[in-house]
Amino acid sequence: MGAWNIVYKRLLALFILINLCTNIATCSRPLVVHQEGEDLVDFACNHTLYYEICVTSLRSDPRSKTSDLKGLAVIALDLSITQGMQMLAHFHDMKSGAGSYNSSDYASETVEDCIDEYSNAMVNLKEAINSLHEGSYGTVNELVSGAMTDCQTCEDEIEDKSTSISQLADGNQYYYRLCSNLLAMTTLLS
């Protein structure tokens with residue numbers, strides 16, 4: 001009986017070990033490898049949710065022709081910051097009634113909220129610059145995710161208040177998608 005008990009325990013341990021190894025192999029993230037000769041912009045953008053935006057935005061920057069994957073992520077971060085700053089400027093114009101904006105047309109509370117949200121987003125993205133250069137991709141992802149949440153909060157404010165500033169929804173969405181593409185690239189780097 002004792003010998004049978006030992007054999008049973010060993011078989012059970014072997015079964016658990018094989019099952020564990022199979023689960024680890026199945027659940028582990030596949031290694032993503034850039035093939036030599038493959039266009040790096042296409043490679044990176046194929047791993048994003050917004051391929052067309054990714055390709056056109058990256059290729060609009062001449063640095064993309066000579067960049068490695070980290071360099072493309074830097075470009076994507078720069079593009080996200082630029083779009084975020086443009087959105088922030090639009091909200092400031094609305095607040096002041098500058099340009100074609102008439103401040104009486106907009107819910108001032110919503111505009112103020114969006115200014116706050118985009119200001120926070122820009123702080124996060126600017127902090128992400130150092131983290132990206134240091135290779136702290138987890139930190140970059142946290143900061144960019146925070147910036148995306150700020151953008152979504154602004155979008156929700158616009159929708160909830162049914163304000164006439166919904167004309168900025170396209171710019172808000174473009175900013176969000178640029179950030180999403182950046183997240184996909186930093187995930188490839190990590």
Side-chain angles (χ1 to χ4, degrees), residues 41 44-61 63-64 70 72-134 136-190:
V41 170
C45 292
N46 274 325
H47 293 86
T48 67
L49 294 176
Y50 307 104
Y51 175 83
E52 288 300 322
I53 290 172
C54 181
V55 169
T56 57
S57 64
L58 288 177
R59 290 208 170 122
S60 72
D61 189 307
R63 296 176 294 171
S64 67
K70 187 173 182 177
L72 292 178
V74 168
I75 294 168
L77 178 55
D78 291 347
L79 292 165
S80 297
I81 291 170
T82 299
Q83 179 65 20
M85 293 300 289
Q86 288 174 357
M87 293 301 296
L88 187 56
H90 286 302
F91 286 114
H92 278 294
D93 287 348
M94 285 181 184
K95 180 180 176 184
S96 68
S100 62
Y101 299 114
N102 180 347
S103 61
S104 64
D105 292 342
Y106 308 106
S108 62
E109 183 181 319
T110 301
V111 171
E112 279 293 329
D113 289 344
C114 286
I115 288 172
D116 289 344
E117 295 299 335
Y118 268 95
S119 294
N120 291 335
M122 293 306 94
V123 168
N124 282 340
L125 292 182
K126 288 177 181 176
E127 285 180 25
I129 294 170
N130 289 333
S131 297
L132 182 57
H133 288 296
E134 293 169 358
S136 300
Y137 305 120
T139 303
V140 173
N141 287 347
E142 288 174 22
L143 292 166
V144 174
S145 294
M148 292 172 74
T149 300
D150 294 331
C151 164
Q152 190 58 52
T153 302
C154 175
E155 183 76 21
D156 292 345
E157 282 286 319
I158 292 169
E159 289 175 7
D160 288 347
K161 302 264 181 7
S162 297
T163 64
S164 57
I165 60 175
S166 59
Q167 67 197 29
L168 291 178
D170 288 343
N172 205 43
Q173 187 178 66
Y174 184 66
Y175 164 79
Y176 185 89
R177 290 176 177 183
L178 287 171
C179 289
S180 173
N181 289 343
L182 170 59
L183 277 179
M185 282 181 232
T186 56
T187 300
L188 284 174
L189 286 166
S190 56

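- Among all heavy-atom pairs drawn from S131 and T139, the shortest one is OG-CG2, 3.3 Å.
- Proximity of M148 to L183: side-chain heavy atoms (C-beta onward) are separated by under 4.5 Å at one or more points.
- Residues N181 and I53 have side chains in contact (heavy-atom distance under 4.5 Å, counting atoms from C-beta outward).
- Atom-to-atom distance recorded for S136:OG and E127:CD is 12.5 Å, nearest 0.5 angstrom.
- Residues H47 and T187 fail the side-chain proximity criterion, which asks for heavy atoms closer than 4.5 Å.
- Taking SG of C151 as the reference point, atom CZ of R177 lies at 11.0 Å (rounded to 0.5 Å).
- L58 has its side chain within reach of C45: a pair of non-hydrogen atoms, C-beta onward, lies under 4.5 Å apart.
- With rounding to the nearest 0.5 angstrom, the CD atom of Q152 is 10.5 Å from the CD atom of E117.
- With rounding to the nearest 0.5 Å, the separation of CD1 in I81 from CG in L88 is 12.5 Å.
- Side chains of Y137 and M185 form no contact here, defined as non-hydrogen atoms less than 4.5 Å apart.
- The two residues L49 and S180 have their closest heavy-atom pair at CD1-OG, 3.9 Å.
- Summarising the geometry, atom CG belonging to L125 is positioned 4.5 Å from atom CE belonging to M122; distances are rounded to the nearest 0.5 Å.
- Of all the heavy atoms in S80 and C179, the pair that sits closest is OG-N, 3.6 Å.
- The backbone N or O of S57 lies less than 3.5 Å from a partner atom in the side chain of S60, making a donor-acceptor pair.
- Pairing each heavy atom of A73 with each of T186, the nearest pair is CB-CG2, 4.5 Å.
- Between the side chain of E155 and the main chain of Q173, no donor-acceptor pair closer than 3.5 Å is present.
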>> Working note: D113 + C154, criterion side-chain contact (heavy atoms from CB on, under 4.5 Å); need CA distance, chi angles, decisive distance, verdict.
In response: CA-CA 7 Å; D113 289 344; C154 175; over 6 Å; no

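- In this structure the side chain of V140 never reaches within 4.5 angstrom of the side chain of L189, judged on heavy atoms.
- Rounded to the nearest 0.5 angstrom, I75 CD1 and L178 CG are separated by 12.5 Å.
- Identified under the ring-ring contact (aromatic ring centres under 6.0 Å, His included) test for residues 114-133, with sequence neighbours left out: F91-Y118, Y118-Y175.
- Of all the heavy atoms in M87 and N172, the pair that sits closest is CE-N, 3.5 Å.
- In terms of heavy atoms, L132 sits closest to K70 at O-CE, 3.0 Å.
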